Amino acid sequence: MILPTVYHHHSSSNLCTRVKHVCICCRGKQMAFALPVWLAVQDELLGHVAPDCSPPSCFDDFDDDALFQMFHLTRPCIAFITDAVRIRMKNNNALKKSAMPVDATVMVSLNYFAHGVSSADVVQRVAPNQADSPAVISALSGVIAGLADQFISFPLIKDAKTNVALKIKKLCGIPNVLGVLAPAHFKIRASPYEKETFRSFVNTLGYTSVVSQIICDSDGNILSVEKCCVGSTFEQEMWESSFKGREMEEELHGPYWVIGGKGYQLSKHVLTPVPQPANDSETRFNDAHTKIHNVMRTTLGSMKRRFRCLMQLGFAQEGSLDKKANIIKACSVLHNIAKKFSVPPPPVAGKIEPLHPGKQHSVPVDTNTEALQARQELIYRNFPVASTSQDP
C-alpha cells in the first residue's frame, strides 16, 4: 500500500521539511512499525498538512518506466531514499563540499548501483562538468551504508524473535530459527602480478572475490551484514570473529539457531545439514534445511539483479576493502528499503547464481557433542519417522 506524502512542522524550526511516507522524527523506527501503526500515524499527521515547499527534483524529468529502467527503483522509493540521505548528509563533510545538489548526487549513485557504470544520459543531465563522480559515489556509498543502523536490524525483542522464528517454521518446519547465514561473494579484479595477494582473493569456485557475512529472514530481508574479507576466507572464521557470531554463541540472543551451510561447523546456534542422513527423519530435515537455505540464494540473486554493481566491484587491494564494504552494505540497505516499498527486482536473465560452496578445512574438525545432540532432538521432535503400522 502506498501511503500519502505528509509534512511535519517542528517547533524548533521555521522550515517546512518535506517527508515521504513518514514523519521525520519517527523515521528511525519505521522498519519495526506494523501497518495499523503506520495508518494511525498518517491519520494523526494528515490533520496538519502544509503546502508543498520542496524544490523540483532532477528525477522529475523521468517518467515511471524510465525511472525503473535507469535506477531499478520506483519514484516513491527514490524520494524516500533522497530524503533519508539529505538528513544524513548534513554531517558528511565530503558531500557538503560537493557542488552537486543532493538529488543529483543520489541520482548518479543510484544509477551506478543499478548498472555498475554511470549512464552517459545521467552524467550529462546532472554532472557534465563533474570529474569527481567516482568520489561522489564513494562518499554517498558511505552515507547510505551508515543508514544500516535504521534499515538493517536483527530481531532483538522477544516478539520480534518469535515472529521471525514462526515465519521460518511455517516455511520449512524447523523451529527456533532467527535467520539464514551465508557468505556472499562479489567478484573483483586483482593484480595477477602480486601473486600472493591475487591468490588470497581466489575463492573455491576459482574466481577473485571479496566475501561478506549476511543473515536474512524468510522474506529475504537483510538482518545483518558485516565483514568484507578476501575471497579465500573460511566462513567459519568469519562467523567466529563477527559481532553477530560472538553475540549468538555467547547466548545474547537466547536459545535460537541460524541456518548455516556446509562451510560452517554445527554449534549450539548454527544449524547445519546432516552430512550423511541415516534415516527418513534426517533426510526430511535436510530437505527442510535446503528449502530455507535457498531463501538466501534468492535474496542474493535479487540484490545482484537490482544492483548490478555487485556483479563486478572493480579493482581491489587486500589492505583497503572499506570502499567495497560500503558498497555492499549500501546495496543491502537499499535492498531492504526497496522491499518495504514492494519494488520488484528486474526480471531474471539466465540462471540464478548458486550459493557459494563452503570452504572445507583439510583436517576434519571435531563436532560439538552437545550441538549434535541438540540437532538430533530437533530432528526427532519435528521430523519424526512416519508410522507404517495399521491398528485393527
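Nothing here was measured: the structure is a model prediction, and the numbers come from that model. For this chain, numbers begin at 1 and follow the sequence in order.
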| Taking the side chain from R284 and the backbone from F383, do they hold a donor-acceptor pair closer than 3.5 Å? | yes
| Non-hydrogen atoms of D217 and V295 that approach each other most closely | O-CG1, 3.5 Å
| said: Can you tell me how the ring of F154 sits relative to the ring of H253, calling it parallel under 30°, perpendicular over 60° and tilted otherwise? | reply: perpendicular
| query | Is there a side-chain contact between E318 and F201, using heavy atoms and a 4.5 Å cut-off? | reply | yes
| task | Please tell me if the side chains of I137 and S118 come closer than 4.5 Å, counting only heavy atoms from C-beta onward. | result | yes
| Does R246 have any side chain to side chain donor-acceptor pair (under 3.5 Å) partners at least two apart in sequence or in another chain, and if so, which? | none
| With a 4.5 Å heavy-atom cut-off, do R375 and I379 have their side chains touching? | yes
| request: Please say whether more than 12 non-hydrogen atoms of neighbouring residues, nucleotides or ligands are located less than 6.0 Å from CD in Q312. | output: yes
| L271: which of N176, V258, L181, I174 passes side chain to side chain contact (heavy atoms under 4.5 Å, CB included) | I174
| Closest heavy-atom contact between P346 and R305? | O-NE, 2.8 Å
| task | Specify the closest pair of heavy atoms between P255 and H269, including all atoms of both residues, with the distance to one decimal. | result | CA-CE1, 4.3 Å
| said: Is a donor from one side chain sitting under 3.5 angstrom from an acceptor on the other, for E235 and Q213? | reply: no
| Which heavy atom in F62 sits nearest to a heavy atom in A66, and how many Å separate them? | CD2-CB, 4.0 Å
| query | For S241 and K227, does a side-chain donor sit closer than 3.5 Å to a side-chain acceptor? | reply | yes
| Pairing of R75 and D64 as salt bridge, 4.0 angstrom limit | yes
| Distance only, no hydrogens: is a donor on one side chain within 3.5 Å (strictly under) of an acceptor on the other, for D103 and T82? | no
| message | Are the side chains of T272 and I259 in contact, using a 4.5 Å heavy-atom criterion? | response | no
| side-chain contact (heavy atoms from CB on, under 4.5 Å) between N382 and F285, intermediate numbers included | CA-CA 8 Å; N382 296 278; F285 166 76; over 6 Å; no
| said: Could you tell me if E249 and S267 have a donor-acceptor pair between their side chains, going purely by distance under 3.5 Å? | reply: yes
| query | Quick check: are there more than 12 heavy atoms from other residues, nucleotides or ligands sitting under 6.0 Å from NZ of K323? | reply | no
| Is there a path of hydrophobic side-chain contacts, each under 4.5 Å between heavy atoms of I, L, V, M, F, W or Y residues, that connects M238 with V230? | no
| message | One pair to check against side-chain contact (heavy atoms from CB on, under 4.5 Å): I214 and L223. What are the steps and the verdict? | response | CA-CA 8 Å; I214 290 183; L223 304 179; over 6 Å; no
| field | L334 and L147, any side-chain heavy atoms less than 4.5 Å apart | value | no
| request: Locate the shortest heavy-atom distance separating S218 from L171; write the atom from each residue and the value. | output: CB-CD2, 4.2 Å
| query | Going only through I, L, V, M, F, W and Y residues with side-chain contacts under 4.5 Å, is there a path from V211 to I152? | reply | no
| said: Tell me whether N368 contacts the main-chain N or O of A371 through its side chain, where contact means a donor paired with an acceptor under 3.5 Å. | reply: yes
| Does some side-chain heavy atom of L73 sit less than 4.5 Å from a side-chain heavy atom of F68? | no
| field | Full working for side-chain contact (heavy atoms from CB on, under 4.5 Å) between V270 and W257 | value | CA-CA 5 Å; V270 178; W257 307 84; 5.9 Å; no
| Taking the six-membered ring for Trp, is the centroid-to-centroid distance between F198 and Y193 below 6.0 Å? | no
| field | Non-hydrogen side-chain atoms of W239 and M248 separated by less than 4.5 Å | value | yes
| said: On a heavy-atom basis, which atom in I328 and which in C228 lie closest, and how many Å separate them? | reply: CD1-SG, 4.2 Å
| request: Report yes or no: is the cationic atom of K187 (NZ for Lys, CZ for Arg) closer than 6.0 Å to the six-membered ring centre of Y207, at no more than 45° off its axis? | output: yes
